[in-house]
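Here's the structure, in structure tokens; my notes come after.
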Amino acid sequence: MVIGFFMILVDSTIVSVATDSIMVGLRTDLNSVVWVTSAYLLAYVVPLLVSGRLGDQFGPKRIYMIGLVVFTVASGLCGLAGSIELLIFARVLQGLGAALMTPQTMAVITRTFAPEKRGTAMALWGSVAGVAILVGPLAGGLLTETLGWQWVFYVNVPVGIIALVAAARLVPRLETHAHRFDFAGIALNTIGLFALTYGLQEGQKRDWDSVVWSLIAAGLVLLAAFVWWQSANRREPLMSLELFRDRNFSLANIGICAMGFAVTGMAIPLMLFAQKSMGLTVIRSAMLMIPLAIGSMALAPLAGRLTDQLHPRLLAGIGFAGQAIGLFWLGQVLGDKTAVWQILLPIGLLGLSGSFVWAPLAATANRNLPMRLAGAGSGVYNMTRQVGAVLGSAAIGVLMQNRISHHFAPVLAQQGAPSGGGGGSYASATGALPEPLREPFARAMGESLYLAAAVLVVGIVAALFFARPTHSGMRPRRGADVPAEATAARG
């Protein structure tokens, strides 16, 4: 299950490194090639609630394997695409496959591991995110430079086949739960999420015009109508509000939204700073993330064990605090003369503290939920993480443009260049910036990181209100609610 989840996360970052090569290879423009990533993200986030329910209805193993087949075939089609339109279409298929797979990975862990062992399993699941942050850009740069951009997608095919064989042999078939499908809820949720995420992603490109704001407003209204309908639907709503009666589930969703926002918000300005202010290559820029991945992997087993023993408030609070401090520290040190080691220290702190966020949040979110709601809870949790990432990307993009204009204006005025569009054209050029602009650009990127750090404070507050889990290894008791299917799976 983790192999498939790893592929999904890597594919969210691996393509960004190959953007220039795709643009040249397919003879297209920047606006079109941006949709190679945007189409994947939209197709991924919109169906997550529905795919979680499908896992409950037809079995998480079956839906996971269908999603894995779709994702793997779509990866091959991406590599074979001879035009930007075909590539975007194949990326949509990839996103749909990813949406089918993701909720099932978390649901299977929830339903096959006893509560007192679930934290350790979730630690492995959560640590995949930290590793993917490193592997995506590194693999993308290496494959693009040596074999061509097509191999960014071809590499998924053998991995997908291995994951499919492993899932068929090793993942247990779990009990299914009959559901009625809430078609009105599906329509409101799908159209609302699409309008909101499309508006946010297109906002910067369209200069936040009336069309963008209309889409965002329509999306919010439709999502509000969706929530109302879920409370009014007396049959079987798509997203049972019963999920949010569990305080820990609600708080964990707030926390993972903040984490998704911060992770996306950190990566964009940091990579731009490394390439434009420090003049590093794509691969060397990606190598700055090595301490993050190493720290996350090193402490993941410990975080998993502690998740099964300690109050989640303590672990998640420490993790979120470490993340906020690390991002603020990173923002402080960014400059054109900054030594690499000065950047690696706060990045290392982000890796170490991240281990105490991913596992406790994932374990705490679903630990108290009834087994019949495991798939639905996983769908909501993963959708919330992706929505946080979209919000982070849009918000950081706006802030970066603002800070670039602010810091470039005095330098451009001194050189006699127009201060309006000149800064934007310099920032969008490939390679390192001219010497006079490197320090202003570094300051702009550093200040952009402060927003991500501030959003993590929301995560700290959410963690402080976590309740002690109902079923936990912290207080073992006779007759604990260990599902029979978990015992059978372990057997």
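Residue numbers run from 1 in the order of the sequence given.
- Between Glu439 and Arg443 there is a salt bridge, since at least one side-chain N of the basic residue sits less than 4.0 Å from a carboxylate O of the acidic one.
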Practice task
Go through Met101 and Phe5 one step at a time and tell me if the side-chain contact (heavy atoms from CB on, under 4.5 Å) criterion holds.
Solution key: CA-CA 7 Å; Met101 293 164 63; Phe5 186 51; over 6 Å; no
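- Looking at Thr384 and Asn253, their side chains do bring a donor and an acceptor atom within 3.5 Å of each other.
- Thr338 contributes a side-chain N or O that, together with a main-chain N or O of Val333, makes up a donor-acceptor pair within less than 3.5 Å.
- Closest non-hydrogen pair, Ala274 versus Leu288, comes out as CB-CD1, 3.7 Å.
- Between the Asn248 side chain and the Phe466 main chain, no donor and acceptor come within less than 3.5 Å of each other.
- Side-chain N or O atoms of Trp213 include one that pairs as donor or acceptor with a backbone N or O of Trp208 at under 3.5 Å.
- Checking side-chain atoms of Gln386 against main-chain N and O of Val45 turns up no donor-acceptor pair under 3.5 Å.
- Within the 3.5 Å criterion, the main-chain N or O of Ala187 finds no donor-acceptor partner in the side chain of Thr190.
- By the 6.0 Å contact criterion, CZ on Phe244 is enclosed, its count of non-hydrogen atoms from other residues, nucleotides or ligands being greater than 12.
- The 12-atom threshold is not exceeded at CZ of Arg284, counting heavy atoms of other residues, nucleotides or ligands nearer than 6.0 Å.
- For the pair Arg91 and Tyr40, the distance from NZ or CZ to the six-membered ring centre is under 6.0 Å and the angle to the ring normal is within 45 degrees.
- Gly192 and Leu222 make their closest contact through CA-CB, 3.7 Å (heavy atoms, listed as atom of the first residue, atom of the second, distance).
- Ring pair Phe408/Phe441 is tilted by interplanar angle, where 30° to 60° counts as tilted.
- The backbone N or O of Phe465 sits less than 3.5 Å from a side-chain atom of Arg247, completing a donor-acceptor pair.
- A parallel orientation is assigned to the rings of Tyr198 and Phe194, their planes being inclined by less than 30° (bins at 30° and 60°).
- Using modelled atom types, no side-chain atom of Arg385 and backbone atom of Gly260 make a donor-acceptor pair closer than 3.5 Å.
- Checked by atom type and distance alone, the side chain of Asp207 never pairs as donor or acceptor with a backbone atom of Asp209 at under 3.5 Å.
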What side-chain donor-acceptor pairs closer than 3.5 Å can you find for residues 316-324, not counting sequence neighbours?
from: Gln323; atom 1: NE2; to: Leu350; atom 2: O; distance (Å): 2.5
from: Gln323; atom 1: NE2; to: Ser353; atom 2: OG; distance (Å): 2.8

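- Looking at every heavy atom in both residues, Pro60 comes nearest to Val108 through CB-CG2, 3.7 Å.
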Problem - Test log, rule side-chain contact (heavy atoms from CB on, under 4.5 Å), inputs Gln94 and Val70 - result: CA-CA 7 Å; Gln94 258 194 327; Val70 172; over 6 Å; no
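- At least one donor-acceptor pair closer than 3.5 Å links the side chain of Ser51 to the backbone N or O of Leu48.
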